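The next block holds one structure in the form of structure tokens; read it before the comments.
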2 protein chains.
Amino acid sequence: MDLGKVFRALADDSRRQVVAELAADTEDRERACGSFDLPVKKAARTHHFRVLREAGMIMQRDHGNGSAVSLPRQDIERHLPGLLQLLSEELKSGSATGRTGNTAAG
Amino acid sequence: MDLGKVFRALADDSRRQVVAELAADTEDRERACGSFDLPVKKAARTHHFRVLREAGMIMQRDHGNGSAVSLPRQDIERHLPGLLQLLSEELKSGSATGRTGNTAAG
DNA sequence: TCCTAGGTATGATTTGCATCATACCTGGGC
DNA sequence: GCCCAGGTATGATGCAAATCATACCTAGGA
């Protein structure tokens, strides 16, 4: 696991929100890509999921008509212990969903 | 502590190297800014220290003629438990110093 | 005072990234 | 077959960030 890729992936609010929501679900349920309330259009969302996938932060499964993501929790916990805890705690305190961070073109 | 700022700060290899080296020193000794072997010129180094400082990852003390940085370990551990451990382990495996990551203008 | 050395501030340049619009693909329903 | 809906791929655009060169500041030594 490349820490650089991981931190670059988690530097974005939308991506951090995705991982945080997955991490906050202790049952590790698979979620549809569209089920995340992200303030971006489809294409950008696809981009974010790609970055997260390449950083090893999510697994993505193709349904043909749609696709779903899930959290490789054990893998992450083994290589980056404590990380998911940080993310889900940020989610609870409302920082990531509050949209206080970076937004580029808008 | 803003997780966005922290991750953005640690997304850069040079900055991650600085924090990792500080974290790897269990005695938390203060280090001169110039003592880090970073592949950038003076001005860029100053920039990196500024980013780390604003993310709360280092403390910086001005000597007039020079300046030194140290690690607010307790503060970081309290807000981001486990993070310093990740960084210092990456350092031991040689990833951050190996310059495999991002370089912009060169 | 002059020179040297470490840091900082500023301006310019370049690269990377986030975003969008658009077009395309796939599967389901009619 | 046709249309719709969810995702993806591509190209363009704009902003942020990383870097450098240069100039400047501060402290120490000759």
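Residue numbers begin at 1 in each chain, while the letters A, B, ... track the order of the sequences. Keep in mind that what you see is a predicted model, and the values were worked out from it rather than measured.
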Next item on the list: For A/A9 and for A/H63, locate the closest nucleotide of DNA chain C by heavy-atom distance; then report the residue assigned to the nucleotide nearer the 5' terminus.
Entry: A/A9

Next item on the list: Describe the nucleic acid contact of A/H47 in one word from base, sugar-phosphate, nothing, applying a heavy-atom distance below 4.0 Å.
Entry: base

Margin query: Can you measure A/D12 atom CG to D/dA16 atom P for me and round it to whole angstrom units?
Written below: 14 Å

Notebook entry, point to check: How long is the line joining CZ of B/R31 and P of C/dG7, in whole Å?
Noted result: 12 Å

Notebook entry, point to check: Take atom CZ in B/R50; do more than 12 heavy atoms of anything else shown fall under 6.0 Å from it?
Noted result: no

Side-chain donor-acceptor pairs of residues 35-42 of chain B under 3.5 Å, sequence neighbours excluded:
from  : atom 1 : to    : atom 2 : distance (Å)
B/S35 : OG     : B/R31 : NE     : 3.1
B/S35 : OG     : B/R31 : NH2    : 3.2
B/S35 : OG     : B/A32 : O      : 2.6

Next item on the list: Sequence neighbours left out, what passes side chain to side chain contact (heavy atoms under 4.5 Å, CB included) with B/A68? Give chain and number order.
Entry: B/E30, B/H63

Next item on the list: State, to 0.1 Å, how close A/L91 and A/A24 come at their nearest heavy-atom pair, and which atoms those are.
Entry: CD2-CB, 4.0 Å

Pairs under 3.5 Å (N/O, protein and nucleotides 1-10 of chain D):
from  : atom 1 : to    : atom 2 : distance (Å)
D/dG7 : OP1    : A/C33 : N      : 3.3
D/dG7 : OP1    : A/G34 : N      : 3.2
D/dG7 : OP1    : A/S67 : O      : 3.4
D/dG7 : N7     : A/K42 : NZ     : 3.1
D/dG7 : O6     : A/K42 : NZ     : 3.1
D/dT8 : OP1    : A/Q60 : NE2    : 3.0
D/dT8 : OP2    : A/T46 : OG1    : 3.2
D/dA9 : OP2    : A/R50 : NH2    : 3.1

Note to self: Of the options C/dT19, D/dA18, C/dA21, whose atoms approach the side-chain atoms of B/H48 most closely?
What the structure shows: D/dA18

Item checked: Whole-Å distance separating the CD atom of B/E54 from the P atom of D/dA17 -> 10 Å

Item checked: Linked, directly or transitively: B/V51 and B/I76 (ILVMFWY side chains, under 4.5 Å) -> no

Note to self: Rounding to an integer number of Å, can you tell me how far A/K41 NZ sits from D/dA12 C1'?
What the structure shows: 17 Å

Note to self: Can you confirm whether B/V19 sits close enough to B/L83 that some side-chain heavy atom of one is under 4.5 Å from a side-chain heavy atom of the other?
What the structure shows: no

